[in-house]
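Lettering follows sequence order; numbering is per chain, from 1.
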2 protein chains.
Amino acid sequence: MIADNKEQYFNVALATGIVLFAFDLEHLHILLTRKKEEPFKGAWVIPSRYVKADESLEENVKVLLKNTIGHEDVYLEQLNAFAKVYRNPIGRVVNIPFYGLMQLTEKEFKNAEKNNCKWIKYHDVPDMAFDHNEIIDYAKERLKRRVKRRPVGFNSLPKEFTLNQLQTLYEQALNKTFDKRNFRKKIFNSQLLVDTGKTIITSQGKESKLYKFDMERYEKMSLKGYDFLF
Amino acid sequence: MIADNKEQYFNVALATGIVLFAFDLEHLHILLTRKKEEPFKGAWVIPSRYVKADESLEENVKVLLKNTIGHEDVYLEQLNAFAKVYRNPIGRVVNIPFYGLMQLTEKEFKNAEKNNCKWIKYHDVPDMAFDHNEIIDYAKERLKRRVKRRPVGFNSLPKEFTLNQLQTLYEQALNKTFDKRNFRKKIFNSQLLVDTGKTIITSQGKESKLYKFDMERYEKMSLKGYDFLF
DNA sequence: GCAAAAGTGTTCGTCTTACACCCATGC
DNA sequence: GCATGGGTGTAAGACGAACACTTTTGC
């Protein structure tokens with residue numbers, strides 16, 4: 001079947017997109033940009049890029065990251081392909097988006113501005129071009145599930161963080177609030193946090209204990225069938 | 001960027017594949033077929049099909065189902081795209097596989113044979129062409145997670161089924177055994193099963209109660225934030 | 001009569017949830 | 001001095017895990 005008319009099938013273009021979530025210790029953000037060319041010139045989109053013939057999806061996404069935030073040090077996960085026939089007016093473009101999770105610091109904030117991108121608050125996503133709102137909604141759902149079921153949240157915190165920062169992150173991602181005492185109990189019970197013995201002075205001038213995530217321990221526990229659950 | 005040399009990007013082919021899981025009330029099976037053409041003529045593959053220019057992925061998968069088991073009454077879910085540059089020697093073919101879950105009866109068994117397909121036991125998957133083993137492993141992982149966290153298993157049972165059949169399904173999919181009393185307690189606690197009042201004579205000649213899944217109730221509970229968990 | 005399958009309760013420990021106050025700091 | 005945020009304990013209920021026997025049937 002394919003041998004007869006190979007050409008008829010090789011007429012699809014591939015792109016990746018990145019729904020980049022970043023936490024600045026207070027709010028979750030998503031990185032958006034505006035389209036520089038037709039179609040939908042000027043409209044909000046997630047950073048996207050056509051995949052070259054000999055380029056893997058991951059390589060492509062990493063170029064996207066370099067071009068927007070200036071580095072590629074981000075937790076990444078592939079999402080479902082968006083492949084509707086008429087999603088792009090110039091032809092059949094299949095977008096295989098990823099979601100990323102990272103810490104938002106001054107550096108990424110400035111780099112984004114420089115590269116014509118903007119960090120939008122998680123709950124304030126505007127109307128976007130193509131099916132990009134759908135992609136973001138899907139990525140948010142995925143993030144929620146992951147935060148609930150795997151300790152991915154730590155990818156958006158500094159190596160050492162306070163429990164209040166961790167709780168804020170969970171509350172933002174899951175869009176609900178937790179009782180402070182119960183939150184701490186649950187996290188400590190999981191035995192995935194290590195007390196660094198250090199403290200930090202938070203923005204309110206209070207002293208607060210610093211913890212770090214014990215990745216090694218998590219991996220060992222995972223192998224034995226442990227399931228992180230929040 | 002794209003306007004200048006549009007052609008250079010529109011040279012990818014799209015295919016879907018289906019990892020079809022089916023339960024005959026005793027064992028889980030996966031549907032495989034053998035390649036009829038080069039490359040890898042004669043090798044085991046999952047049923048796959050090129051996507052036509054104006055065809056959605058879902059339409060394409062449904063044709064696949066029609067061509068193999070003779071109908072399209074299957075629970076479907078899209079998996080991650082498999083897009084490695086050199087996964088197919090004839091060009092860059094991106095496979096966007098789905099997994100499906102259904103009940104295996106005589107009908108599907110015969111239709112598969114007629115269509116050059118074979119139902120292989122879940123734990124006996126042979127070496128396959130392309131990256132199809134990888135796809136199956138990925139689909140199995142997804143199935144495990146789904147069975148644990150959503151009541152998808154009911155898609156592979158008849159409308160009315162016994163608790164032992166349900167338990168067997170869970171044991172096969174998750175590759176472990178459960179205590180019968182605890183299993184029943186857990187399932188009844190979830191309040192998702194309705195006693196039909198009927199019984200059936202099983203293959204061992206014993207009478208066994210029939211239950212059905214209360215989809216409406218599940219949907220209501222889901223909306224209120226209920227999470228099925230096994 | 002014995003092998004195989006359907007069905008059934010209790011106990012113990014752990015986890016979840018609800019709930020309130022003290023202390024230090026910045027202003 | 002007061003508003004803000006960091007930090008802490010207890011009690012009640014729900015849930016999970018471990019565990020054994022009775023009954024019926026086919027052979």
Side-chain angles (χ1 to χ4, degrees), chain A residues 23-27 147-149 151 157-158 160-172 174 176-212 221 224-230, chain B residues 24-27 147-149 151 157-158 160-172 174-212 221 224-230:
Chain A
F23 185 59
D24 66 1
L25 301 183
E26 289 188 41
H27 296 281
V147 164
K148 263 192 190 170
R149 293 169 176 162
L157 290 169
E160 306 187 340
F161 48 85
T162 71
L163 275 174
N164 288 310
Q165 290 166 347
L166 183 65
Q167 183 171 348
T168 304
L169 170 64
Y170 271 75
E171 290 182 339
Q172 300 252 334
L174 300 177
K176 56 164 146 169
T177 56
F178 297 100
D179 177 272
K180 216 193 302 187
R181 286 163 293 188
N182 293 339
F183 182 86
R184 280 158 192 253
K185 232 182 306 173
K186 198 155 170 176
I187 293 285
F188 287 139
N189 268 351
S190 78
Q191 304 197 292
L192 293 173
L193 286 202
V194 181
D195 189 338
T196 64
K198 305 181 203 165
T199 59
I200 196 181
I201 307 295
T202 63
S203 53
Q204 275 68 27
K206 305 287 160 60
E207 216 180 15
S208 189
K209 287 191 198 172
L210 284 169
Y211 298 85
K212 62 182 180 193
M221 290 164 72
K224 291 183 191 153
Y226 168 77
D227 242 357
F228 182 81
L229 242 187
F230 208 88
Chain B
D24 65 1
L25 302 183
E26 290 187 41
H27 296 282
V147 164
K148 263 193 191 169
R149 292 169 178 165
L157 291 168
E160 307 186 338
F161 48 85
T162 71
L163 275 174
N164 288 309
Q165 289 165 348
L166 183 64
Q167 184 172 346
T168 304
L169 171 64
Y170 270 75
E171 291 182 337
Q172 300 254 332
L174 300 178
N175 201 18
K176 55 163 146 168
T177 56
F178 296 100
D179 177 271
K180 218 195 300 186
R181 287 164 292 187
N182 292 339
F183 183 85
R184 281 158 193 253
K185 231 180 309 171
K186 198 154 170 178
I187 293 286
F188 287 137
N189 268 351
S190 78
Q191 303 196 294
L192 293 173
L193 286 203
V194 181
D195 189 337
T196 64
K198 304 181 205 165
T199 59
I200 196 181
I201 307 295
T202 63
S203 52
Q204 276 70 26
K206 305 287 160 59
E207 216 180 15
S208 188
K209 289 191 196 172
L210 284 170
Y211 296 86
K212 62 183 180 191
M221 289 164 72
K224 289 183 192 152
Y226 168 78
D227 242 358
F228 182 81
L229 242 187
F230 208 88

- Query: Is a side-chain donor or acceptor of T199(B) paired with a backbone partner of E207(B) at a separation under 3.5 angstrom?
  - Reply: no

- Of N164(A), L166(A), N189(A), D179(A), which meets side-chain contact (heavy atoms from CB on, under 4.5 Å) against R184(A)? N164(A)

- Task: Mark yes or no for a side-chain to base donor-acceptor pair under 3.5 Å between K185(A) and dT17(C), with no hydrogen or angle criteria applied.
- Result: yes

- Note on the structure: When rounded to the nearest 0.5 Å, the distance separating CZ of F178(A) from CG of N182(A) is 10.5 Å

- Return the value, rounded to whole Å, for the distance between atom CD1 of I187(A) and atom P of dT8(D). 15 Å

- Item | d(CD, Q204(A); P, dA3(D)) in whole Å | 16 Å

- Query: Could you give the CG-to-C1' distance, from D179(A) to dC15(C), as a whole number of Å?
  - Reply: 15 Å

- Message: The side chain of K206(B) is closest to which nucleotide in this list: dG7(D), dA24(C), dA5(C)?
- Response: dA5(C)

- Query: How long is the line joining CZ of R184(A) and C1' of dA18(C), in whole Å?
  - Reply: 17 Å

- Note on the structure: Between K180(B) and K186(B), whichever has its closest DNA chain D nucleotide further toward 5' is K186(B)

- Task: Mind calculating the distance between CD1 (I201(B)) and C1' (dT23(D)) to the nearest angstrom?
- Result: 14 Å

- Query: What integer distance in Å separates K209(A):NZ from dG7(D):P?
  - Reply: 7 Å

- What nucleotide, of dG7(C), dC19(C), dC15(C), holds the atom closest to the side chain of N182(A)? dC19(C)

- Message: Under 4.0 Å, heavy atoms only, any strand: does N189(B) hit a base, just the sugar-phosphate, or nothing?
- Response: nothing

- Nearest listed nucleotide, side chain of N164(A), among dC19(C), dG6(D), dT17(C): dG6(D)

- Message: Expressed as a whole number of angstroms, how long is the span from Y226(A):OH to dC15(C):P?
- Response: 10 Å

- Task: Measure from the side chain of R181(B), starting at C-beta and using heavy atoms only, and say which of dT17(C), dA4(C), dC19(D) lies closest.
- Result: dC19(D)

- Any side-chain N or O of T202(A) less than 4.0 Å from the OP1 or OP2 oxygen of dG5(D)? no

- Note on the structure: Taken to the nearest whole Å, NZ/K176(B) to P/dG16(D) is 12 Å

- Item | Approximate separation, where rounding is to 0.5 Å, of D195(A) CG and L193(A) CG | 9.5 Å

- Message: F183(A) vs F230(A), test: ring pair (Phe, Tyr, Trp, His ring centres under 6.0 Å). Steps then yes/no.
- Response: CA-CA 9 Å; F183(A) 182 86; F230(A) 208 88; 5.4 Å; yes

